[in-house]
Amino acid sequence: MVPVATNPADTSTLESLSGITPALRAALARLGLTSLADLWFHLPLRYEDKTRITTIGDLRVGDTAQVEGRIEAIEKGFRFRPQLRIAIADDSASTLLLRFFHFNSAQVGQLFVGARVRCFGEVRRGQHCLEMVHPQYKRLTDAVPHDVEERLTPIYPTTEGLGQKRLGGVIGRALDHLPQDESLELLPLPLRSENHLASLREALLYVHRPPPDADLAQLGLGLHPAQQRLAFEELLAQHLSLKRLRSRLRAHMAPVLEGDGALRRAFLAALPFAPTRAQTRVADEVARDLGMSAPMLRLVQGDVGSGKTLVAVMAALVAIEAGRQVALMAPTELLAEQHFANFHKWISPLGIDVVWLAGKLKGRARDVALAKLQGSAQIAIGTHALMQEGVEFDRLGLVIIDEQHRFGVNQRLALRDKGRSGAGVPHQLVLTATPIPRTLAMTAYADLDVSIIDELPPGRTPVATVVLNGTRRSEVVERIRAACAEGRQAYWVCTVIEESEVLEAQAAEVTHAELTTALPGMRIGLVHGRMKPPEKQATMEAFKRGEISLLVATTVIEVGVDVPNASLMVIENAERLGLAQLHQLRGRVGRGSAKSSCVLLYQAPLSATARARLDVLRETGDGFRIAEKDLELRGPGEVLGTRQTGEMHFRVADLARDAHLLPAVHKAGELLLREHPVLAERLMARWIGHAARFAGA
Ligand code: ADP
Ligand code: MG
């Protein structure tokens, strides 16, 4: 740790502010605001424009506007629930209806026909005229002149019991204490001029107090130079913290894993196919890392079906040959089981002891597995159960994590700690089938090296994809009947809006029943996440053996499932899923030599964006292109998965919007680490804090 981790200007307490009562202090603390700097960096979520009054006649549906008018009628009624309806009108002779569902008698007493009110809210279309539901309002007494606001009103994230006005007031007073000099500034002047960045002071004052002529649309999008200045700084802090995580990890020792390659040769000799050039290249990159005493941290990106498992096997063989143990972890039981089956088939014949460990393994079987990890086991395969308390390895040398996007940084750290013993930490290999656009990968995985398998095994044919309205379901069922009559196999994937295993299982059961009725005589199987593993397993096996023609499934089959004879896939409500997920699902077909197709069913009406998204899948099978498009159309949260976004929480920055800043941010990161390490520390402290997030790295 560099001793001065924070900027002196960042740590002054709230003492210097007037009006800080214990209650207010407590409310601020709930928001994590305990110093002046916390208040300076508590940034508005959005802005309201109360700098002018719009006449009712000029209102349009969807506007958020401020209006003034005289109450023409009041009606307190009860339709389904208590309701207060107030009609107001202004000189434009149009009427606006204000509706309240929560109100008290004091409020009602204040309002009477003839009173003047000013209100602010979103304009909606009502039955008879335009409406505002629960607008902000105040009664105007004619005695006092009523000015409009001079500036846009910032709206801050707040907490129960702390109103916008009060919070805005405290922040305003805190801003009066912003240092005039450079003491707040952490970006060196040359860096700022090179990137045309305003000073921090200017940027903060602008976002908290935008002038009335500020471009509200630009501010709303976060594209104002002042916001971009802050985003730059935040991205830089985040980048630096990942780099630090990496260098701290690299400072540990890892076992040097090398051998004579005999296991790998024996394995490849028995394999019915040859690895692709890309697989060999990536396996060599991994082997080179394993031969070093610094821990490997490598991400292997490869499209669905590119054969990442083979690379994992080759890596495992290096570690095993060097006398070390390997842990392979997958995000779902189904996928872990399949890895176990593959590894068992491929490497048990070489005399390697493969052990299975999942959460559901209980009692004696579990004890036996745990004992083996302390002894004969050479590779353990399972789910996150491998990270749980009580699981101890004897000589873990390599950790392989499949489908990385479902595991977060913290889980990566936890598994690595399992191997933290005598000879240091294990090497880590992370496999992901969700190709991540380069810019995003550089930020989300700045702590990892990246290898890319950019080639599919030979003989794959592109999957012909069509997008169809759900009303044409019966045609699709017909198509399945025809395909299965020819001995082909098909998947029918059911989805639901919420991420709920229960609802998804129900949807699949209903569809299974419907299809069973519609396709008499056909063997139709069902798998979903609520079934017992042996039951699931049995169905999958039967599907693999061709005893089942049509498999109705939930998105549990997304990862890893491999049945080459399956050549038709139907995905219901495809518009609800992310492109990357659809691409993953579709990757279940097109694995054999038969021409494959995928039908994306949607529920009309389909928005223009949703249509554009589905069209991307129709047009390309390239996972990287799909990921780029997904990023463009949906933003990084969706591309990286929810887990990842939980960790990549930004205050101002937005990876999709601000991706153009990243090259400059990375360059700035190098400069800071090289020439201003103390500034780098302070930046991280300011934006990332001392959160436990990277503790122990
Ligand atoms: P993913 O990258 O999606 O995890 P897998 O490792 O599951 O892909 O491989 C997909 C399929 O391709 C498997 O059936 C696997 O045995 C097969 N496969 C992998 N590499 C090759 C290769 N070089 N030649 C032919 N088939 C391969
Ligand atoms: Mg895989």
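For the single chain, residues carry numbers from 1 onward in sequence order. As the structure lists them, so they are numbered: ligands from 1, and atoms in each ligand from 1.
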Pair Arg618-Thr465, side-chain donor/acceptor within less than 3.5 Å: no

Distance-only polar pair, side chains of Asp289 and His427, donor-acceptor under 3.5 Å: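 Asp289 vs His427: no donor-acceptor pair found between side chains.
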
Side chain, backbone, both or neither: the part of Ile453 lying under 4.0 Å from ligand 1 by heavy atom: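 No part of Ile453 comes within reach of ligand 1.
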
Residue portion contacting ligand 1 (non-hydrogen atoms closer than 4.0 Å) for Ser306: both

Residues Arg481 and Glu478 bridged, charged N to O under 4.0 Å: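 Between Glu478 and Arg481 there is a salt bridge, with a charged N closer than 4.0 Å to a carboxylate O.
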
Which of the atoms of ligand 1 are close to [X], meaning less than 4.0 Å from one of its heavy atoms?
{"X": "Pro275", "answer": "23 (N)"}
{"X": "Thr276", "answer": "23 (N)"}
{"X": "Pro457", "answer": "20 (N), 21 (C), 22 (C), 24 (N), 25 (C), 26 (N), 27 (C)"}
{"X": "Thr309", "answer": "4 (O), 5 (P), 6 (O), 7 (O)"}
{"X": "Asp303", "answer": "2 (O)"}

Heavy-atom side-chain contact between Leu386 and Val399 under 4.5 Å: no

Check: Arg264 and Val318 side chains under 4.5 Å, non-hydrogen atoms: no

Neighbour count above 12 (heavy atom, 6.0 Å) for Arg530 CZ: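 Open: at most 12 neighbouring heavy atoms sit under 6.0 Å from CZ of Arg530.
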
Would you say ligand 1 has an N or O under 3.5 Å from any N or O of [X]?
{"X": "Gly307", "answer": "yes"}
{"X": "Lys308", "answer": "yes"}
{"X": "Gly305", "answer": "yes"}
{"X": "Ala274", "answer": "yes"}

Salt bridge (charged side-chain N to carboxylate O under 4.0 Å, His left out) between Arg281 and Asp284, intermediate numbers included: CA-CA 5 Å; Arg281 173 174 45 77; Asp284 289 345; over 6 Å; no

Mutual orientation of the aromatic rings belonging to Phe273 and Trp346 [parallel < 30°, tilted 30-60°, perpendicular > 60°]: perpendicular

